[in-house]
Amino acid sequence: MKLAVVIGDPIAHSRSPAMLNAAFAASGIDAVMVPLQIAAADLPATIAGFRAMRILGASVTIPHKVNVAALCDELDAAARAIGAVNCLQLAGGRLVGHNTDAGGFVDGLREAGFDPAGKRVVVLGAGGAARAVVHGLAAATAPGEATVTVVARRPAETTWIRCRPWHELPAVLADADLLVDATSIGLNDDAPHGIPLAALPPHAWVATLIYHRETALLRDASSRGLATHDGRAMLVGQGARAFTLWTGRPAPRDVMLTALNAALA
Ligand code: NDP
């Protein structure tokens, strides 16, 4: 049996084992994914152990996505551009760091029926997830085909892209086709989000990356008749890409979504 792992600290909340183990079972692959809580100081030794054990692959989550990049032999284009790795693959003894969050986000959007080509997208927040979303949209469309504007509350402190300040949101949203909330605003409570949804055109979609709860933002968007898209699609998308990298097989995305929903219930 092959071993896959997901590493983070904390890790008990991770739904990756539920999704990936369901995918292995449905595809007849003799492998298992286990969660490992790894402290930052133990990351180099852990990675050395993965090499020695020739594991099938690893998913990487907070707080290791940036630091693990330096421990890889090679990075894919997305991981290099974003500066973060969320998926490790052992290829002929070499450890390759991938960023499947970026492509996973776009896969999920497309599957839901939103094609980013030719669209105006507004991304809220400038953290690691926002960076993955922006890269994913750029990589999935021809140069200049999608217009992406990032809006952050501390634009002057963001170095990887030029951001618009928060107070310009009403003007920025006025011609947006898609709003992606990549902040952590809705992570834990239902406090008012303060995002001026009324400024969006009626055809616009509203997406969040949060996957474990219904956010006030999506509830409000829905009650305004706007199309909504939550973070489960991105989570399944990044896991599906990891599955294919590790096994060379297409991922059973429906099975993974069903397993994710069951794990979240
Ligand atoms: P980070 O902490 O790196 O970034 C969070 C961003 O949100 C920062 O730009 C931060 O701004 C901004 N922010 C937080 N609170 C507010 C607020 N009240 N008003 C305006 N901006 C705010 O987190 P990540 O980028 O790693 O993750 C962001 C979200 O995406 C999380 O909820 C995470 O769970 C989710 N996620 C989902 C994934 C999926 O597969 N579905 C994958 C990865 C992440 P500032 O710097 O000023 O604090």
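Numbering of ligands and ligand atoms starts at 1, following listing order.
With respect to atom 5 (C) of ligand 1, the closest heavy atom belonging to the protein is S184 OG, 3.8 Å. The protein heavy-atom contact nearest to atom 23 (O) of ligand 1 is G128 N, 4.8 Å. From the protein, the heavy atom lying nearest to atom 48 (O) of ligand 1 is R153 NH2, 2.8 Å. The protein atom (non-hydrogen) at minimum distance from atom 29 (C) of ligand 1 is T183 O, 3.6 Å. Nearest protein neighbour of atom 1 (P) of ligand 1, counting heavy atoms only, is G127 CA, 4.1 Å. Counting only heavy atoms of the protein, atom 36 (N) of ligand 1 lies nearest to L209 CB, 4.0 Å.
Under the 4.0 Å distance rule, the nearest protein heavy atom to atom 18 (N) of ligand 1 falls inside the cut-off. Distance remark: protein heavy atom not present below 4.0 angstrom from atom 33 (C) of ligand 1.
For A182, every heavy-atom contact with ligand 1 shorter than 4.0 Å involves the backbone, none the side chain. Contacts between L187 and ligand 1, counted as non-hydrogen atom pairs separated by less than 4.0 Å, involve the side chain only. Under 4.0 angstrom from ligand 1, the non-hydrogen atoms of L235 come from both its backbone and its side chain. Proximity of F105 to ligand 1, defined as any heavy-atom pair under 4.0 Å, is not found for any part of the residue.
Of the options M234, H193, H13, E157, the smallest heavy-atom separation from atom 39 (C) of ligand 1 is shown by M234.
Using a 4.0 Å heavy-atom cutoff, A126 is listed among the residues neighbouring ligand 1.
Between R51 and D73 a salt bridge is recorded (basic side-chain N to carboxylate O distance below 4.0 Å). The pair R120-D175 meets the salt-bridge criterion, since a charged nitrogen lies less than 4.0 angstrom from a carboxylate oxygen. Of the charged side-chain nitrogens involved, none lies within less than 4.0 Å of a carboxylate oxygen, so that K2 and D30 do not count as a salt-bridged pair.
In summary, the atoms of ligand 1 found under 4.0 Å from a heavy atom of G125, numbered by their order in the structure, are 9 (O). Atoms of ligand 1 lying under 4.0 Å from at least one heavy atom of Y211, given by number and element, are 41 (N).
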- Task: Walk me through it: do N86 and T61 pass the test side chain to side chain contact (heavy atoms under 4.5 Å, CB included)?
- Result: CA-CA 6 Å; N86 75 312; T61 188; over 6 Å; no
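Considering both main-chain and side-chain atoms, I185 never comes within under 3.5 Å of ligand 1 through any nitrogen or oxygen pair.
Using a 4.5 Å cut-off between side-chain heavy atoms of Ile, Leu, Val, Met, Phe, Trp and Tyr, with links allowed through other members, F114 and F105 fall into the same hydrophobic cluster.
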